[in-house]
K.L.:
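Please find one structure pasted underneath; my questions will follow.
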Amino acid sequence: MDWVFWVIVAGIVAACAVAYVAVRFGRSNKQVTAAPEAKAVTPTTVEQEPAEQPGAPAAPATAQVAAQEAVSELETPEAPGARLARLRRRLAGSQNTLVRAVADLLSVDKIDDETWDDFESTLIASDLGVGPATELVENLRKALAVGGVADPAAARKALRGELIKIVGPDMSRDLNLDHADSVPAVVMMVGVNGTGKTTTVGKLGRMLVAQGRTVLFGAADTFRAAAAEQLTTWGERVGVRTVRGDEGADPASVAFNAVDEGITEGVDVVLVDTAGRLHTKVGLMDELGKVKRVIEKKAPVNEVLLVIDATTGQNGLTQARIFAEVVDITGIVLTKLDGSAKGGIVVQVQRELGVPVKFIGLGEGPDDLAPFDAAQFVDGLLGE
């Protein structure tokens with residue numbers, strides 16, 4: 001029976017050997033099949049953002065992208081030349097008192113003394129003034145007495161010539177923007193609240209941008225709520241920066257800082273908006289004079305433009321006289337000349353102050369401000 005025992009022992013040993021080999025083979029097989037899985041994970045660790053190479057252009061930052069988008073959204077102002085023809089047509093189609101006076105005179109078949117009297121009365125009512133109205137009628141009567149009125153074209157030509165003459169074709173209406181290389185040209189805008197002064201600063205800035213000039217706004221009207229915000233909005237539309245102070249800050253200080261920053265930035269023109277509360281308050285008028293004196297510590301003031309609402313008539317002339325006593329007015333801006341405005345104020349304010357109307361506003365649009373031209377203005381009155 002000994003051999004049976006050894007057979008059993010041999011069988012057990014053989015079974016253990018087979019089991020051992022099977023286990024070893026299974027482990028090796030698992031390691032072989034697991035290897036591809038390890039390799040499959042490897043690419044996820046390799047596919048990373050490549051490091052910036054020296055000299056390679058950096059991706060634009062968020063601020064740069066925002067700046068580029070802002071530039072692309074800037075408005076393109078209309079060129080001054082294109083404005084003149086458009087505003088002339090608007091004047092011709094208005095109910096302006098002076099326009100009606102001219103139209104009535106040209107519509108009659110025969111001009112008698114009564115017609116002339118009515119014409120002169122209408123001219124005076126248009127704020128032309130008694131002196132200029134009388135002068136125009138006398139000159140026109142002489143011109144028509146020679147050539148007669150049988151030919152409507154000749155009568156219109158004579159009327160056009162006399163109107164241009166009385167409007168003042170020889171007055172220099174150019175905006176003086178001459179300046180040294182080290183300082184910008186400075187333009188102060190003055191006038192009472194409600195005339196459209198701050199809006200005019202914004203519109204004039206647009207016009208200068210259209211001419212290729214660099215501009216900076218100075219929000220020195222620190223007394224009127226939201227004046228600085230209004231001016232800032234105008235500037236942002238065409239890429240013009242606004243220098244401002246806190247509400248109630250010293251206007252002269254804000255104006256000084258604006259010119260100072262204009263010098264630092266090397267801009268062509270600094271437009272300064274000033275306070276425009278009631279012109280009858282002496283303290284405020286003194287403040288206006290102070291603003292001008294403080295600015296002149298940094299740079300000469302090239303222009304002082306008085307903004308007048310054309311619809312105010314004689315009240316506008318009163319404002320003009322008082323402002324002229326405080327600062328040397330160099331030019332007039334007539335706003336709201338469309339509609340029912342009395343266009344004769346163009347002549348009267350020029351004679352009152354001895355300075356030219358340099359700009360006129362005929363509408364609420366951002367580009368409804370244009371350089372004043374005597375011939376274009378008269379053509380508008382004549383409906384041409």
Side-chain angles (χ1 to χ4, degrees), residues 78-106 119 122-129 131-133 135-137 139-140 143 155-175 195-196 200 203-204 207 305-313 316-317 320 330-365 367-384:
E78 185 179 18
R83 302 177 184 204
L84 288 172
R86 178 170 54 82
L87 297 187
R88 184 185 70 191
R89 291 193 299 270
R90 184 171 296 174
L91 180 63
S94 73
Q95 296 300 311
N96 192 293
T97 307
L98 188 53
V99 173
R100 292 202 309 270
V102 172
D104 291 344
L105 182 66
L106 294 175
F119 180 57
T122 308
L123 290 178
I124 295 172
S126 73
D127 284 335
L128 187 65
E135 178 185 332
L136 177 59
V137 170
N139 292 340
L140 194 55
R156 177 180 289 270
K157 182 178 179 180
L159 177 57
R160 181 179 186 276
E162 292 301 327
L163 283 170
I164 291 177
K165 188 186 301 181
I166 201 169
V167 169
D170 298 329
M171 301 186 80
S172 176
R173 304 181 191 279
D174 294 332
L175 193 64
T195 59
T200 299
K203 290 182 178 181
L204 181 56
M207 186 182 300
L305 300 180
L306 173 62
V307 182
I308 298 178
D309 181 343
T311 64
T312 60
L317 292 174
T330 60
I332 306 295
V333 181
L334 279 177
T335 62
K336 308 177 187 178
L337 196 55
D338 57 331
S340 61
K342 302 176 180 181
I345 194 174
V346 170
V347 175
Q348 196 171 6
V349 73
Q350 287 183 155
R351 294 197 174 191
E352 182 75 31
L353 300 183
V355 297
V357 171
K358 294 196 172 186
F359 298 94
I360 56 172
L362 290 173
E364 299 298 327
D367 293 320
D368 286 345
L369 180 77
F372 182 80
D373 179 272
Q376 295 267 11
F377 177 71
V378 169
D379 287 341
L381 296 180
L382 293 172
E384 297 178 354

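When a residue number appears, it is its place in the shown sequence, counting from 1.
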K.L.:
Decide yes or no for Q350 and V357: does some side-chain heavy atom of the first lie under 4.5 Å from some side-chain heavy atom of the second?
P.N.:
yes
K.L.:
Is it true that a side-chain atom of R160 and a backbone atom of V378 form a donor plus acceptor pair closer than 3.5 Å?
P.N.:
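No; judged by distance alone, with no hydrogens or angles, the pair does not exist.
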K.L.:
Tell me whether D174 is salt-bridged to K358, with the criterion being a basic N under 4.0 Å from an acidic carboxylate O.
P.N.:
no
K.L.:
Which distance, rounded to the nearest 0.5 Å, do you find between the CG of L334 and the CG of D309?
P.N.:
9.0 Å
K.L.:
For A133 versus I124, what's the shortest heavy-atom pair and its separation?
P.N.:
CB-CG1, 3.7 Å
K.L.:
Looking at every non-hydrogen atom in both residues, tell me the closest pair between A374 and P169 and how far apart they are.
P.N.:
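The pair with the smallest heavy-atom distance is CB-CA, 4.1 Å.
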K.L.:
Quick one: closest heavy-atom pair of Q376 and D373, and the distance?
P.N.:
N-OD1, 2.8 Å
K.L.:
Would you indicate whether the side-chain heavy atoms of L204 and F359 approach each other to under 4.5 Å?
P.N.:
yes
K.L.:
What distance separates I345 CD1 from T311 OG1, expressed to the nearest 0.5 Å?
P.N.:
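With rounding to 0.5 Å, CD1 (I345) is 8.5 Å from OG1 (T311).
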K.L.:
Are side-chain heavy atoms of P132 and R351 found at a separation under 4.5 Å?
P.N.:
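Yes - at least one pair of side-chain heavy atoms lies under 4.5 Å apart.
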K.L.:
What's the separation between atom CG in L175 and atom CG in L305, rounded to the nearest 0.5 Å?
P.N.:
6.0 Å
K.L.:
Measuring from L317:CG to L353:CG, what's the distance to the nearest 0.5 Å?
P.N.:
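The distance works out to 8.0 Å.
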K.L.:
Roughly how far apart are L369 CG and I360 CD1, rounded to 0.5 Å?
P.N.:
8.5 Å
K.L.:
Work out which heavy atom in P356 is nearest to a heavy atom in R173; give both atom names and the distance.
P.N.:
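Heavy atoms only, the tightest pair is CB-NH1, 3.7 Å.
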K.L.:
Can any side-chain N or O of T335 pair as donor or acceptor with the backbone N or O of T195 at less than 3.5 Å?
P.N.:
yes
K.L.:
Show the numbers, then the answer: is there a side-chain contact (heavy atoms from CB on, under 4.5 Å) between V355 and T330?
P.N.:
CA-CA 6 Å; V355 297; T330 60; 5.7 Å; no
K.L.:
Are any side-chain N or O atoms of D368 and backbone N or O atoms of G365, one a donor and one an acceptor, separated by less than 3.5 Å?
P.N.:
yes
K.L.:
Find the distance between CD (E135) and CG (L123) and round it off to the nearest 0.5 Å.
P.N.:
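It is 11.5 Å, given to the nearest 0.5 Å.
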K.L.:
Report yes if some heavy atom in the side chain of V333 is under 4.5 Å from a heavy atom in the side chain of L306; otherwise report no.
P.N.:
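Not touching, per the 4.5 Å side-chain cut-off.
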K.L.:
Please walk me through it: do V167 and F372 pass side-chain contact (heavy atoms from CB on, under 4.5 Å)?
P.N.:
CA-CA 11 Å; V167 169; F372 182 80; 3.7 Å; yes
